[in-house]
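Take a look at the structure below.
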Amino acid sequence: DFIPQLFYRYKVDFELGGYVDHTLAYSPVNATKEICRYRAYRDQNGNHTLYYWQLLALRLGFVIAFEHLVFCIVYLIEKCIPDVPEQLQETIQRERFVAKMALEDVA
């Protein structure tokens with residue numbers, strides 16, 4: 001409910017006055033004999049409102065932004081922590097040098 005509340009604060013009322021009433025839709029006409037309310041962003045005919053589509057786009061944008069944030073954090077961690085330890089890297093370079101010198105001595 002975090003994103004819908006933020007969107008309501010930005011769009012309608014910062015103090016969240018009437019938020020619960022705003023999130024409840026009325027049942028479609030002739031669906032019931034009594035007034036029935038349920039949690040949705042729909043008009044009297046049961047169709048999604050413009051607010052619903054804006055909120056859906058905002059949620060999608062939030063997911064994409066959060067995903068990219070995670071990718072950036074993973075990238076930074078990969079750059080900070082080497083794949084091969086420094087001591088092992090020195091040993092590998094030393095072995096390559098020794099192998100290269102041995103090949104030069106043979107030739």
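Below, all heavy atoms of this structure are taken into account, side chains as well, without hydrogens, waters or symmetry copies.
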Are Val74 and Phe71 close enough, and set up right, to give a side chain to side chain contact (heavy atoms under 4.5 Å, CB included), and what steps lead you there? CA-CA 5 Å; Val74 168; Phe71 287 153; 5.7 Å; no
Roughly how far apart are [X] [atom1] and [Y] [atom2], rounded to 0.5 Å?
X     : Y     : atom1 : atom2 : answer
Phe14 : Leu6  : CZ    : CG    : 9.0 Å
Leu50 : Leu55 : CG    : CG    : 11.0 Å
Phe7  : Arg59 : CZ    : CZ    : 10.5 Å
Leu60 : Ile3  : CG    : CD1   : 10.0 Å
Leu24 : Tyr19 : CG    : OH    : 10.0 Å

Using the rule that two of Ile, Leu, Val, Met, Phe, Trp, Tyr join whenever any of their side-chain heavy atoms come within less than 4.5 Å, decide whether Leu88 and Phe97 are in one cluster. no
Do other residues, nucleotides or ligands put more than 12 heavy atoms under 6.0 Å from the CD atom of Glu67? yes
Is it true that, when you exclude Phe2 itself, more than 12 heavy atoms of the residues, nucleotides or ligands shown sit nearer than 6.0 Å to its CZ? no
I need the full list of salt bridge (Lys or Arg N to Asp or Glu O under 4.0 Å) pairs touching residues 1-13, with sequence neighbours left out, sorted by first then second residue. Asp1-Arg39
For residues 41-52, the side chain to side chain donor-acceptor pair (under 3.5 Å) pairs (sequence neighbours left out) are Arg42-His48
Side chains of Val63 and Phe66, heavy atoms from C-beta outward: is any pair under 4.5 Å? no
Return yes if some donor-acceptor pair links the side-chain N/O of His22 with the main-chain N/O of Gly18 below 3.5 Å, else return no. no
Are the side chain of Tyr8 and the backbone N or O of Gly17 linked by a donor-acceptor pair below 3.5 Å? yes
Clusters formed by hydrophobic residues whose side-chain heavy atoms approach within less than 4.5 Å: which one holds Ile35, and what are its other members? Tyr26
